[in-house]
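The structure appears below as structure tokens.
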Amino acid sequence: MQWTLVIPLKPLARAKSRLADTATDGLRPGLALAFAQDTVAAALACPAVRDVVVVTDDTLAARELSALGARIVPDTPGGGLNAALRFGAALARVSRPKSAVAALNADLPALRPLELCRVLDAAAEFPRAFLPDTAAVGTTLLAATAGNELAPAFGPDSRARHAASGAVELRPAGVESVRQDVDTGADLRTALALGVGPRTAAVAARLLIPDQ
């Protein structure tokens with residue numbers, strides 16, 4: 001099964017505010033962009049991924065992610081994360097109505113293509129399915145096979161919200177890189193230990209990352 005991934009990205013100037021203990025205001029936008037670049041590059045390298053749609057109004061991010069091969073669409077709804085994902089999924093199905101679509105977080109800098117393939121292969125068995133994040137509270141991937149709406153419910157406690165919506169929780173082994181999103185300095189340290197992509201590694205080398 002070939003998938004279209006929809007990746008939402010807020011304006012870089014407003015991204016990753018919870019990394020204030022790790023990155024200054026001047027570095028956080030670049031770090032958020034690096035996360036997105038490494039996420040998109042790894043996603044496009046996954047054999048199960050046909051294409052990647054990035055929903056963003058950020059001009060710099062649009063240019064850089066387009067250069068990697070992503071399709072960029074503006075956040076026309078302007079109604080937050082779930083509205084952006086519904087919009088991106090709908091656009092993805094304009095030309096391919098029966099395509100399988102999946103929402104993927106933009107902050108997975110350690111993402112490995114083969115681990116992503118493992119998750120998508122597991123998701124292909126269900127109408128809708130999701131992968132919880134490492135903290136087991138949020139969601140890093142939500143998938144919908146052909147004929148099924150994505151129906152995203154991201155936000156606080158999205159793991160519980162997606163389960164309540166009828167999506168099946170995926171539990172494949174060995175997919176840590178797909179579960180490790182980065183919101184805090186502790187998250188970044190864990191991602192660095194897993195092994196991040198080259199863009200994140202370059203920006204992280206400029207940071208003073210606290211031990212606690």
Side-chain angles (χ1 to χ4, degrees), residues 1-11 14-16 18 32 35-36 39-40 42-43 46 48-58 61-62 65 70-108 111 116 119-172 175 178-183 187:
M1 184 178 295
Q2 290 286 294
W3 294 81
T4 292
L5 301 188
V6 181
I7 299 178
L9 182 62
K10 67 173 62 174
R14 296 194 283 108
K16 297 300 160 192
R18 292 171 62 192
F35 292 168
T39 299
V40 167
C46 172
V49 174
R50 181 196 299 270
D51 54 4
V52 171
V53 175
V54 175
V55 184
T56 187
D57 284 335
D58 192 280
L65 298 176
R71 175 188 174 190
I72 309 300
V73 298
D75 185 6
T76 299
L81 177 59
N82 292 311
L85 286 170
R86 288 191 295 269
F87 178 68
L91 282 182
R93 283 176 164 168
V94 168
S95 56
R96 291 192 297 273
K98 296 186 180 298
S99 64
V101 296
L104 184 70
N105 288 10
D107 58 352
L108 300 170
L111 185 63
L116 176 59
V119 173
L120 293 173
D121 286 347
E125 301 298 319
F126 306 100
R128 290 175 65 245
F130 71 96
L131 185 73
D133 62 11
T134 300
V137 175
T139 303
T140 58
L141 180 143
L142 173 69
T145 52
N148 298 287
E149 294 299 319
L150 191 60
F154 286 86
D157 300 317
S158 65
R159 178 191 183 188
R161 294 168 68 186
H162 284 132
S165 75
V168 173
E169 180 172 324
L170 301 172
R171 301 178 182 179
V175 295
V178 195
R179 299 184 62 197
Q180 186 57 62
D181 53 356
V182 176
D183 289 316
D187 294 336

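- R179 pairs with exactly one of L131, L111, L141, T139 by the side chain to side chain contact (heavy atoms under 4.5 Å, CB included) rule, that one being L131.
- Under the 3.5 Å distance criterion, the side-chain polar atoms of H162 are left unmatched by any main-chain donor or acceptor of A129.
- For the pair T145 (side chain) and F126 (backbone), a donor-acceptor distance under 3.5 Å is present.
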Can you list the steps and then say if D183 with K16 is a side-chain contact (heavy atoms from CB on, under 4.5 Å)?
-> CA-CA 6 Å; D183 289 316; K16 297 300 160 192; 3.0 Å; yes
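- Between M1 and A100, the shortest heavy-atom contact is SD-CB, 3.6 Å.
- Side-chain contact between L9 and L65 is present, with at least one heavy-atom pair separated by less than 4.5 Å.
- By the 4.5 Å heavy-atom criterion applied to side chains, E169 and F130 are counted as neighbours.
- Of all heavy-atom pairs spanning S158 and A153, the tightest one is CB-O, 3.4 Å.
- Side chain of D121 to backbone of V119: no donor-acceptor contact under 3.5 angstrom is found.
- Using a 4.5 Å heavy-atom threshold, the side chains of L91 and V53 count as separate.
- Contact detail for A92 and V101: the closest heavy-atom pair is CB-CG1, 4.3 Å.
- What you find for D58 and T56 is that their closest heavy atoms are N-OG1, 3.1 Å.
- The CG atom of L104 sits 5.0 Å away from the CD1 atom of I7 when rounded to the nearest 0.5 Å.
- For the side chain to side chain donor-acceptor pair (under 3.5 Å) with Q180, the qualifying choice from D133, N105, T134, T140 is T134, the only one to do so.
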For residues 78-87, which side-chain donor-acceptor pairs fall under 3.5 Å, sequence neighbours excluded?
| from | atom 1 | to | atom 2 | distance (Å) |
| --- | --- | --- | --- | --- |
| N82 | OD1 | F154 | N | 2.8 |
| N82 | ND2 | F154 | O | 3.0 |

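- For the pair T39 (side chain) and L108 (backbone), a donor-acceptor distance under 3.5 Å is present.
- The residues R71 and D51 are annotated as not salt-bridged, no charged nitrogen and carboxylate oxygen being separated by less than 4.0 angstrom.
- The closest side-chain heavy-atom distance from V137 to D157 is below 4.5 Å.
- Heavy-atom neighbours of Q2 CD from other residues, nucleotides or ligands within 6.0 Å: above the threshold of 12.
- Rounding to the nearest 0.5 Å places CG of D107 at 8.5 Å from CG of D187.
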Stepwise, does the side-chain hydrogen bond (donor to acceptor under 3.5 Å, both in side chains) test hold for S165 with R128?
-> CA-CA 9 Å; S165 75; R128 290 175 65 245; 3.0 Å; yes
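- Contact detail for L150 and A89: the closest heavy-atom pair is CD2-CB, 4.1 Å.
- Across L170 and P132, no two heavy atoms sit closer than the pair O-CD, 3.7 Å.
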